[in-house]
Q: 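Handing you a structure now.
So that the names make sense, note that chain A is the first sequence line, chain B the second, and so on, each numbered from 1.
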Amino acid sequence: MAQISHDFEHAAIKALGNKQLRTNFRRVMTGLINKRAALFPDPDELQALRARGAAIKDRALAKLPDLLVQLEQNLIANGFHVHWAESVDEGNKIILDILRKANARTIIKGKSMVSEEMHFNHFLEENGVQALESDLGEYIIQLAGEGPSHIVMPAIHKNKDEIGRLFQEKIAGQPYTEDPDELTDAARRVLRQLFANADCGFSGVNFAAADTGSLVLMSNEGNGRMSTHLPSMHIALMGVEKVIERLEDVAPLISLACRSATGQAITTYVNIISGPRRGNEKDGPKEVHLVLLDNGRTKIYNDPELRQGLRCIRCAACMNHCPVYTRIGGHAYQYTYPGPIGEILNPQMQGIEKAGDVLHASSLCGRCSEVCPVKIPLAELIVRLRREAIRPAGTAVKGGGSRNSSVENVVWFGWKTMYASPLLYRWGTWWLRKIGNLLPSGIPLLKQWTSVRSKPQFASRSIYDLARERGIRDE
Amino acid sequence: MSNNARSAILERLRKAPKKPIPDLPPWSPYVTTTESAFDRFRRMITAVKGEVIETSRANLAATIRQVLADKQASNLLYAPNTDIGKTLDKAWAAEPGPRLVPYDKPIEDLKSVIVNDIDAGITSTMGAIADTGSLIVWPSVDEPRLMSLVPPIHIAVLEVSKMFDSFPEAVAKLGWNKKPPGNTLLISGPSKTADIEGILCFGVHGPKQLVVLAITD
């Protein structure tokens, strides 16, 4: 296996030992899973909507270079300034130049995962510009000096007691409280003044419509609007894959994103920005800049199979449903994007040698692929990248190397044959249900398996029978 | 530098293997009820803590007065040049109410007042969308962007005759995709967050309360 410098395994083991962390994640992820399910009561509607969403993104990707040119033309006609950046360094430098030219010392930020990709806040601080997060979750983790642990709910690893103590320590005059409403009010008070005094607003972009030259931003809190309406300048940052053909196409995508992410029909605000303050308008930024970032996306694009990952609309459903993510949380992944989508993006952006070990943070159970609103075959892509990761060393170690066992080979052969034939599978599982629990744990293989684990218990009825009985449909 | 990045990115994309352009499979927004568009809108927006009050053109000023009294608002940010603004001026001249604050200067001259001192703001709407329970708000020279965002209470006036079933319908009928104003919005309830333990809290940065005055005549 290729040399891996980034230590996912230790971080994961450490996270597994943190009971509070596991409790926090389990509670919120279960809530999000239930909320999503409640908003998709009709499986036919869900599948039709997913097909539409995936096709909108596939059409946009198939025409990507032309759409980017069209978007740029229409944005410029609408009064935007458009910039292109190949790398994180280039993106950071472009934004710093814009800020320096405007003599801006403070920026207030709406949520942007791409800016996390660029370690943007850190870069600006080093260059004398204060970057303030305004999304409540991002504000909390910025106060705590941490990175996001979830792409939609960045501070979800913290419970309200921890946040209460953090606010008491960091916000002048704030008494300890664990009441979420009071904590939210405290943040509102502080951030309102920061919005009013910031030299520049900053935001990410959810979708960019090429036909109208518009940026579409979704937000529940209103910080996305505050950042883009109040300061006299607005800088937006987006990955090149976010462009879509038509403004009206955002309707199914918003429906998919909001229902999948938080179980809402729509976010409170859909903020469509098609230009700066014009003529005699009394507010809005006088200048709007858009920075289009590549940072490895064109490389992903170059592979027709991996390109499917660029359909992602960053809803986080894949991590909410991931059994690994739920147990270790987002920080253990140690890169910008955690969970299944991160397992695909990080190795491709950072290189498999550096970030390849996150590919093992998957049981390949396939829940991520099943819930993805734009039908990204996440589990398949993880397997594809795992193959890439072992290819360089593929000839050195064959068939399990020194631990190769002929008994194991026979068992695997039997397993493969059984799983390839419905008849054999039914026959085999029928027998295992009857006699599986009578097998002594001392027999070969089971002995090695049970040396560090408890012996598997075979259920008297298969999960298929139970599911059929309950009327659960095969998706 | 920017130009180099632009041509390099576009060149890499153009050289990449081509994939066929798929057709869009049919899709229409999910409707399971036979309610009217307005009833659907009302059900959706009240589910996320928006309030809907039915009124008429003749009673609009009186309804606004009542809402301000119920919410104990001591002032109202308004747009003096709009129909709503003129209605308010006329009604308040006859019988004074909570102080009317006109948004008649650039934000640079009004910032402190708008950010710190206003209790409520009132705007018109371009209509509403039934599917998602969303108000369509197009800020303008007369009704700037911040009116529907910064005050803790947002009062939005909706003419019930301007209901749309879906966003695509609104895009087509309003000519949204022709030459849209600099900022256009869908607003579906008051500001909210679930960033602390996934617990829902209202009024983070935007309004804590959203009151829709639905004009039915």
Side-chain angles (χ1 to χ4, degrees), chain A residues 28 31 45 48-49 51-52 55 58-59 62-65 83-86 90 136-137 153 155 159-160 163 180-181 183-184 188 192 196 211-212 214 220-223 225-226 229 240 247-248 251-252 265-266 268-276 278 280-284 294 298 301-302 304, chain B residues 1-2 5-6 8-10 12-14 16-17 19-25 27 29-30 44 48 103 105-107 111 115 132-134 141 144-146 149 166-168 171-172 176-177 180-199 201 203-206:
Chain A
V28 179
E45 192 261 343
L49 186 55
R52 178 82 172 197
D58 270 342
R59 280 181 70 87
K63 301 164 133 187
L64 187 56
H83 312 263
W84 302 67
E86 287 199 78
E90 206 176 346
L136 179 59
M153 307 180 110
N159 61 20
K160 49 188 193 278
I163 297 166
D181 280 312
L183 291 168
T184 301
R188 178 187 174 98
R192 196 152 262 245
D211 65 340
T212 57
S214 306
N220 277 316
E221 299 183 1
N223 65 313
R225 287 186 65 195
M226 283 286 210
H229 294 351
V240 289
L247 182 63
E248 64 177 273
I266 192 167
T268 302
Y269 302 110
V270 175
N271 179 12
I272 303 172
I273 299 170
S274 311
R278 291 172 187 157
N280 297 326
E281 283 185 324
K282 298 180 186 76
D283 61 17
D294 179 352
T298 51
Y301 186 84
N302 198 42
Chain B
M1 178 184 67
S2 258
R6 181 184 188 275
I9 290 170
L10 290 175
R12 279 200 294 275
L13 293 175
R14 292 218 158 96
K19 274 175 128 179
I21 302 171
D23 290 331
L24 290 184
W27 167 80
Y30 188 51
M44 296 290 289
V48 288
Y103 198 153
K105 286 192 276 282
I107 180 62
K111 203 180 243 181
V115 170
T132 48
S134 309
V141 173
R145 295 162 173 80
L146 295 168
L149 178 66
S166 67
F167 180 69
V171 169
W176 212 321
N177 49 1
N183 182 230
T184 49
L185 299 155
L186 301 180
I187 299 180
S188 315
S191 152
K192 61 180 181 291
T193 187
D195 273 352
I196 300 176
E197 289 194 13
I199 300 164
C201 299
V204 200
H205 301 296

Q: Give, for atom CG of B:Asn177 and atom CG of A:Asp211, the distance between the pair rounded to the nearest 0.5 Å.
A: 6.0 Å
Q: Out of A:Ala48, A:Ser214, A:Ala155, A:Gly284, return the one with the most heavy atom pairs under 4.5 angstrom to chain B.
A: A:Gly284
Q: I want to check something: taking the side chain as every heavy atom from C-beta on, are A:Asp283 and B:Pro106 in contact at a cut-off of under 4.5 Å?
A: no
Q: Would you indicate whether the side-chain heavy atoms of A:Thr268 and B:Val48 approach each other to under 4.5 Å?
A: no
Q: Applying side chain to side chain contact (heavy atoms under 4.5 Å, CB included) between A:Leu64 and each of B:Ile9, B:Leu13, B:Leu10, report the one that passes.
A: B:Leu13
Q: For B:Ser134, is it the side chain, the backbone, both or neither that has a heavy atom under 4.5 Å from a heavy atom of chain A?
A: side chain
Q: Short question: side chain of A:Lys282, backbone of B:Val141 - any donor-acceptor pair under 3.5 Å?
A: yes
Q: Can you say whether B:Lys192 sits under 4.5 Å from chain A via the side chain, the backbone, both, or neither, judging by heavy atoms?
A: both
Q: Main chain of B:Ile21, side chain of A:Arg59: is a donor-acceptor contact present, judged purely on distance under 3.5 Å?
A: no
Q: Hey, could you give me the NZ/CG distance between B:Lys19 and A:Asp58, rounded to the nearest 0.5 Å?
A: 5.5 Å
Q: Just wondering, do B:Leu186 and A:Tyr269 contact through their side chains at under 4.5 Å, heavy atoms?
A: no
Q: Heavy atoms, side chains only, cut-off 4.5 Å: are B:Asp195 and A:Glu221 in contact?
A: yes
Q: Which atoms of A:Lys63 are under 4.5 Å from chain B, going by heavy atoms: the side chain, the backbone, both sets, or neither?
A: side chain
Q: Could you check whether any side-chain heavy atom of A:Arg225 comes within less than 4.5 Å of a side-chain heavy atom of B:His205, counting everything from C-beta outward?
A: no
Q: In terms of heavy-atom proximity below 4.5 Å to chain B, should A:Pro276 be classed as side chain, backbone, both, or neither?
A: backbone
Q: Taking all heavy atoms of B:Pro180 and all of A:Thr212, pick out the closest pair and write down the distance.
A: CG-CB, 4.1 Å
Q: Taking all non-hydrogen atoms of both residues, which atom of B:Ala5 and which atom of A:Glu90 are closest, and how far apart?
A: CB-OE2, 3.3 Å
Q: Looking at B:Thr132, B:Thr193, B:Thr184, B:Val171, which one has more heavy-atom pairs under 4.5 Å with chain A than the rest?
A: B:Thr184
Q: For chain A, find which of B:Gly189, B:Pro17, B:Pro168, B:Gly198 contributes the most heavy-atom pairs closer than 4.5 angstrom.
A: B:Pro17
Q: Name the region of B:Ile199, side chain, backbone, both or neither, that has any atom closer than 4.5 Å to a heavy atom of chain A.
A: side chain
Q: Ignoring hydrogens, what is the shortest heavy-atom contact between A:Arg192 and B:Leu149? Give both atom names and the distance.
A: NH2-O, 4.5 Å
Q: If I take atom CD1 from residue A:Ile272 and atom CG from residue B:Asn183, how far apart are they, to the nearest 0.5 angstrom?
A: 8.5 Å
Q: Would you say the side chain of A:Asn159 lies within less than 4.5 Å of the side chain of B:Glu197, judging by non-hydrogen atoms?
A: yes
Q: Under the criterion side chain to side chain contact (heavy atoms under 4.5 Å, CB included), I'd like the reasoning laid out for B:Phe167 against A:Val270: C-alpha separation, chi angles, the key distance, then a yes or no.
A: CA-CA 11 Å; B:Phe167 180 69; A:Val270 175; over 6 Å; no
Q: Shortest non-hydrogen contact from B:Pro25 to A:Arg52?
A: O-NH1, 2.8 Å
Q: Between A:Leu136 and chain B, with a heavy-atom cut-off of 4.5 Å, which part of the residue counts as in contact: side chain, backbone, both or neither?
A: both
Q: Against chain A, label B:Ala194 side chain, backbone, both or neither, depending on which of its atoms sit under 4.5 Å from a heavy atom there.
A: both
Q: Chain B: which of A:Met226, A:His229, A:Arg278 shares the most heavy-atom pairs with it under 4.5 Å?
A: A:His229
Q: Restricting to non-hydrogen atoms, name the atom on A:Ala265 and the atom on B:Met44 that form the minimum distance, rounded to 0.1 Å.
A: CB-CE, 3.5 Å
